[in-house]
There are 2 protein chains.
Amino acid sequence: MSQHRHPGAPGRAGAVPALPDLPEATVARLPEYLRALHNLADAGHETVSSEGLSAAAGVNSAKLRKDLSHLGSYGTRGVGYDVALLIEQIEYVLGLTQRRAVALVGVGNLGHALAGYDGFASRGFRIAALLDADPSRVGEEINGLVVRHVDDLPTVAAEESLAIGVIATPAAAAQQVADQLVAVGVTSILNFAPCVLSVPEGVDVRKVDLAIELQILSFHEHRKASLTALPATGGTALTALPGGFAATDTQEAIGT
Amino acid sequence: MSQHRHPGAPGRAGAVPALPDLPEATVARLPEYLRALHNLADAGHETVSSEGLSAAAGVNSAKLRKDLSHLGSYGTRGVGYDVALLIEQIEYVLGLTQRRAVALVGVGNLGHALAGYDGFASRGFRIAALLDADPSRVGEEINGLVVRHVDDLPTVAAEESLAIGVIATPAAAAQQVADQLVAVGVTSILNFAPCVLSVPEGVDVRKVDLAIELQILSFHEHRKASLTALPATGGTALTALPGGFAATDTQEAIGT
DNA sequence: AGGCGCTTGTGAAGACGTGCACAAATCGCG
DNA sequence: CGCGATTTGTGCACGTCTTCACAAGCGCCT
Ligand SMILES: NC(=O)c1ccc[n+]([C@@H]2O[C@H](COP(=O)([O-])OP(=O)(O)OC[C@H]3O[C@@H](n4cnc5c(N)ncnc54)[C@H](O)[C@@H]3O)[C@@H](O)[C@H]2O)c1
Ligand SMILES: NC(=O)c1ccc[n+]([C@@H]2O[C@H](COP(=O)([O-])OP(=O)(O)OC[C@H]3O[C@@H](n4cnc5c(N)ncnc54)[C@H](O)[C@@H]3O)[C@@H](O)[C@H]2O)c1
């Protein structure tokens with residue numbers, strides 16, 4: 001694992017932007033801000049304060065300001081942020097100015113739902129191909145796209161510049177599919193199969209695992225239950241939560 | 001820190017042995033370990049070293065040991081961990097010893113896929129009810145369960161002790177559904193709708209947002225592209241940043 | 001019994017992320 | 001034109017997470 005630290009990189013002078021290297025935590029929040037901004041834009045707002053935007057995105061306002069400052073932001077003191085401009089900035093940084101092509105592999109139960117999901121199109125992506133290994137599924141048309149055989153992947157990749165591969169096959173097939181995706185040049189993979197993927201350096205994998213999310217919630221349920229179950233005699237005040245946990249991905253008790 | 005009592009071993013059902021409060025990052029990894037352990041158990045392994053398990057779960061071995069040490073784990077130096085015992089321990093801590101009832105609200109495109117997903121059952125959960133607001137969907141049978149109207153939620157909650165609510169409705173309806181879930185006593189929610197939910201203190205919300213995942217991947221694609229394409233002559237000359245990023249939830253380059 | 005190799009558990013150090021609090025900047029208005 | 005109200009951008013301190021490195025413990029083999 002090569003680790004390079006690059007402190008300065010202050011070259012934010014140009015009108016057309018250089019890519020700052022953002023903290024990963026910031027990158028993970030930018031999409032949230034973007035969604036909130038789109039909502040605000042639709043509602044007719046032209047500017048928004050960090051307070052307002054952070055509330056809409058469900059984060060702390062100082063954190064939001066720091067995040068935006070990382071991308072050399074364009075706020076105006078005393079006023080706030082220009083909604084349209086900020087949308088443009090964030091979309092640029094996230095690389096959404098080009099509509100990225102997504103290949104979806106595994107058109108089963110989940111794959112069907114994904115194929116029919118309009119959130120792809122509305123958030124900067126385009127399903128370029130549906131692929132499956134099951135011959136009886138090949139040829140099926142979903143949402144205007146015909147399912148092709150996964151072995152056609154090289155052909156598909158030749159036709160389109162695939163940016164992202166989505167794996168929605170059973171876990172047993174996921175590694176093989178990942179290898180096939182990597183072989184045709186895909187360097188970003190979203191994996192729905194509950195398994196760890198091995199990929200070469202330079203390839204990014206993110207996973208979505210429903211059961212993991214549920215189990216994390218289960219832990220907190222268990223914990224909450226074990227707190228309430230404390231004997232009343234001498235029980236410590238449990239209304240004042242001991243800490244409250246805020247996880248990377250957990251929102252709790254967002255006030256109204 | 002190690003005057004640990006056996007939480008796990010024999011007869012632990014009665015007195016709840018005050019759960020250690022684990023670092024949130026650890027909690028998020030326990031399900032991964034659990035899955036890896038089940039795979040190992042199925043493959044016939046009786047013990048596993050931290051090295052082996054961490055490889056199977058895709059994490060650093062020191063991290064794994066520290067995680068397990070937090071739950072007062074019982075590894076044996078020179079040998080490793082007892083697979084069956086560790087499974088038991090983790091399942092206990094995660095609160096999976098009781099099969100938790102899940103209510104799924106919104107039986108549309110995605111909801112159908114979730115309803116048909118066997119990963120619920122195999123990982124400690126049980127879909128207790130399918131709910132929807134659309135009268136034409138009510139009554140439909142999916143996987144042995146009949147879709148009920150979302151307004152029946154109080155009745156359902158009275159029949160079953162609901163542990164977790166899953167929201168798979170459009171974003172516009174999500175807040176209202178969340179309120180309904182909270183009203184019947186649900187304190188853990190998994191939200192698939194792309195929006196922020198407001199819930200009272202003590203209620204946990206986790207979200208799964210496909211578009212966010214894709215946009216994070218897009219960022220890395222963009223960044224990788226801007227690194228490889230180093231224009232020599234003017235243009236949008238970008239600062240040449242060396243690579244290497246590792247994210248909270250991103251695995252990259254797991255060697256073979 | 002004793003030594004040896006292997007593996008756990010953890011102290012310590014450093015990287016990273018968060019949130020407060022406030023100076024600097026900007027606008028609107030008298 | 002200056003002043004007060006407002007809001008950004010950020011220095012700083014603190015908490016959390018990660019990783020290294022190694023002593024302590026365990027089992028096996030001789
Ligand atoms: N259904 C859900 O709600 C859900 C939720 C979370 C995670 N998942 C995970 O998503 C994955 C898919 O779930 P599903 O319910 O859609 O399963 P499924 O069995 O309905 O669909 C899997 C599809 O993948 C195809 N496939 C199998 N091997 C393939 C290969 N080598 N190349 C290409 N395609 C191949 C199959 O033909 C099938 O169409 C599983 O790993 C599951 O654990 C599903
Ligand atoms: N389909 C996907 O692959 C996918 C992926 C990621 C996220 N999502 C999100 O998941 C959600 C559902 O997506 P979908 O594609 O299944 O949409 P969908 O329109 O197919 O299904 C939504 C269902 O929710 C029901 N519903 C609406 N209002 C309700 C209410 N107040 N109470 C109960 N039920 C109500 C509708 O009757 C419908 O059956 C959306 O928010 C979507 O953005 C979907």
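Just so we're on the same page: letters track the sequence lines, and every chain starts at 1. What you see below is based on every heavy atom in this structure, not just the backbone, and it leaves out hydrogens, waters and symmetry mates.
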- Any Lys/Arg nitrogen of D209(B) or R123(A) sitting under 4.0 Å from an Asp/Glu carboxylate oxygen of the other? yes
The single option from L181(A), V205(A), L190(A) that satisfies side chain to side chain contact (heavy atoms under 4.5 Å, CB included) with I167(A) is L181(A)
message = Measuring to OP1 and OP2 of dG9(C), would you say a side-chain N or O of Y81(B) lies under 4.0 angstrom away?
response = yes
Under 3.5 Å donor-acceptor, K207(A) side chain and F192(A) backbone: no
Rounded to whole Å, OH of Y74(A) lies from P of dT26(C) at a distance of 14 Å
Within the distance-only criterion (no hydrogens, no angle test), does the side chain of S218(B) pair as donor or acceptor with the backbone N or O of L214(B) below 3.5 angstrom? no
To the nearest angstrom, the NE2-P distance between H70(B) and dT18(D) comes to 10 Å
To the nearest angstrom, the CZ-C1' distance between R65(A) and dT6(D) comes to 12 Å
Review point. Are R29(A) and dT18(C) close enough that a side-chain N or O sits under 4.0 Å from OP1 or OP2?
Key: yes
Fill in: Presence of K66(B) side-chain N/O under 4.0 Å of dT10(C) phosphate oxygens OP1/OP2
no
S188(B) and E221(A) have their tightest heavy-atom pair at OG-OE2, 2.7 Å
Tabulate below the donor-acceptor pairs under 3.5 Å that side-chain atoms of residues 80-87 of chain A make, not counting sequence neighbours, or state none.
unit_1: D82(A); atom_1: OD1; unit_2: A84(A); atom_2: N; d: 3.1
unit_1: D82(A); atom_1: OD1; unit_2: L85(A); atom_2: N; d: 2.8

Below 4.5 Å, heavy atoms only, C-beta onward: do N60(A) and S54(A) meet side chain to side chain? no
From CG of L53(A) across to C1' of dT7(D) the rounded distance in Å is 13 Å
Protein-proximity profile, nucleotides 23-30 of chain D, B/S/- by nucleotide at the 4.0 Å heavy-atom cutoff, equals BBBBS---
Rounded to whole Å, CG of L68(A) lies from C1' of dG17(C) at a distance of 16 Å
(message) Base, sugar-phosphate or nothing for A62(A)? Non-hydrogen atoms, less than 4.0 Å.
(response) base
Rounded to whole Å, NZ of K63(B) lies from P of dG11(C) at a distance of 20 Å
| Should S50(A) be listed as having a side-chain N or O under 4.0 Å from OP1 or OP2 of dT8(D)? | yes
From CG of D67(B) across to C1' of dT19(D) the rounded distance in Å is 12 Å
Rounded to whole Å, the CG-P distance (L71(A) to dG9(D)) equals 10 Å
Given dC17(D), is OP1 or OP2 found less than 4.0 Å from the side-chain N or O atoms of N60(B)? no
